[in-house]
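Worksheet for the structure shown next.
Small disclaimer: the values here were computed from a predicted structure and weren't measured.
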Amino acid sequence: MRRAGKLAAGLCLAAMLCAGCGQEQGPVVVQENTLVISDKGEVTAYVVGEFDKAYYDLAELADMARAEADTFSQAYEGVEKPPVSVESVEPVEDMAGKVVVAYRFDNADSYTAFMGQYEGRRLFYGTVSEAAAHGYLAGVTLSDVKDGTSLTEEGLKQNGDRRLIITDTQAVIYCPAKVTHLSKGASMNEDGSVGTFQAEDAVYILLK
């Protein structure tokens, strides 16, 4: 990470949270790629990357991260709060040479705009009807997390008011409500979060 403009490009989302879906919490031990989505649609991303003390100290790295966020936010003048901010920059516990940057996004669109410029990452959080209007549901089939029964595109559209998360970010995802259906490659964790590390395509998470 020798240039501020490449800060996010060399990072992977990470955090181990102390509660499951439906309860937004802060990280306890940083271990895995993680996104936290609140009921209001705000997104917290804990970003972990290599930290080479030969080139930077922690304060300098924090300044770089905040400068990137500020530059991005300048294009959104007049909004109540910046679309992205840096909450903290800290060493990763028990992982030498690693640092975690906590980014806060006002919504999924801001996450996609900011992270997408580096890694092409995409995140959607909204109703099933909104996803259908954007053309995101073509050919989608989900599986019930309890019994594995299939929910086809047409069946999914019948749940238009329910919330849906779509992302191609490989991460542990903490959701604002209980998960009922997942797409191929995603899996439920014991704490109620969803893992997407095995997914080859975008993951769909249907909430109760």
Can you check whether [Y]'s main-chain N or O pairs, donor with acceptor, with [X]'s side chain at less than 3.5 Å?
X	Y	answer
Ser129	Gly160	yes
Thr34	Ala171	no
Asp57	Glu60	yes

- Just do the side chain to side chain contact (heavy atoms under 4.5 Å, CB included) check on Phe124 and Thr112 with the steps written out, would you? CA-CA 8 Å; Phe124 168 86; Thr112 298; over 6 Å; no
- Do Arg163 and Tyr125 meet the cation-pi criteria used here (NZ or CZ under 6.0 Å from the six-membered ring centre, within 45° of the axis)?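 Positive - Arg163 is close enough to the ring of Tyr125 and near enough to its axis.
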- Query: Is Arg122 close enough and on-axis enough to Tyr136, meaning under 6.0 Å and within 45°, for cation-pi?
  - Reply: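 So Arg122 does make the cation-pi contact.
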- Report the C-alpha distance between Asp201 and Asp168 in whole Å, list the side-chain angles of each, state the deciding distance to 0.1 Å, and finish with yes or no for side chain to side chain contact (heavy atoms under 4.5 Å, CB included). CA-CA 7 Å; Asp201 300 308; Asp168 54 10; over 6 Å; no
- Message: Salt bridge check, Lys81 against Glu42: does any charged N sit closer than 4.0 Å to a carboxylate O?
- Response: yes
- Give a yes or no on this: more than 12 heavy atoms of other residues, nucleotides or ligands lie within 6.0 Å of atom CD of Glu130.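 For Glu130, atom CD is crowded (more than 12 foreign heavy atoms under 6.0 Å).
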Might you point out which heavy atoms bring [X] and [Y] nearest each other, and give the distance in Å?
X	Y	result
Val86	Ala65	CG2-O, 3.6 Å
Ser85	Ala69	CA-CB, 4.4 Å
Gly195	Asn189	N-ND2, 3.7 Å

Calculate, to the nearest 0.5 Å, the distance between atoms [atom1] and [atom2] belonging to [X] and [Y] respectively.
X	Y	atom1	atom2	result
Met115	Arg121	CE	CZ	4.0 Å
Leu206	Asp144	CG	CG	9.5 Å
Ser187	Leu182	OG	CG	7.5 Å
Leu164	Cys175	CG	SG	10.5 Å
Asn159	Leu151	CG	CG	6.0 Å
Glu90	Ser88	CD	OG	4.5 Å

Are any of the side-chain heavy atoms of [X] and [Y] separated by less than 4.5 Å?
X	Y	result
Asn107	Phe105	no
Val203	Ile166	no
Arg162	Thr180	yes
Thr141	Ser183	no
Val89	Val100	no
Ile165	Ile37	yes
Leu156	Val140	yes
Tyr103	Phe114	yes

- Message: Set out, in order, the CA-CA distance, both residues' side-chain angles and the distance that settles side chain to side chain contact (heavy atoms under 4.5 Å, CB included) for Leu137 and Val128, then state yes or no.
- Response: CA-CA 8 Å; Leu137 303 185; Val128 170; 3.8 Å; yes
- Distance-only polar pair, side chains of Thr169 and Tyr111, donor-acceptor under 3.5 Å: yes
- Does one side chain, of Thr44 or Arg104, offer a donor that lies under 3.5 Å from an acceptor on the other?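 The criterion, which ignores hydrogens and geometry beyond distance, is satisfied for Arg104 and Thr44.
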- With Glu153 via salt bridge (Lys or Arg N to Asp or Glu O under 4.0 Å) - residues at least two apart: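 Glu153 satisfies salt bridge (Lys or Arg N to Asp or Glu O under 4.0 Å) with Lys157 once adjacent residues are dropped.
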- Could you go through the side chain to side chain contact (heavy atoms under 4.5 Å, CB included) check for Lys178 and Leu207 one step at a time? CA-CA 6 Å; Lys178 185 177 180 180; Leu207 307 181; over 6 Å; no
- Please answer: with hydrophobic residues joined when any side-chain heavy atoms are less than 4.5 Å apart, are Phe197 and Tyr204 in the same cluster? no
- Query: Does Ile173 belong to the same Ile/Leu/Val/Met/Phe/Trp/Tyr cluster as Val145, with side-chain heavy atoms less than 4.5 Å apart forming each link?
  - Reply: yes
- Task: Using the test side-chain hydrogen bond (donor to acceptor under 3.5 Å, both in side chains), find all partners of Asp161 that sit at least two apart in sequence or belong to another chain.
- Result: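 Asp161 satisfies side-chain hydrogen bond (donor to acceptor under 3.5 Å, both in side chains) with no residue once adjacent residues are dropped.
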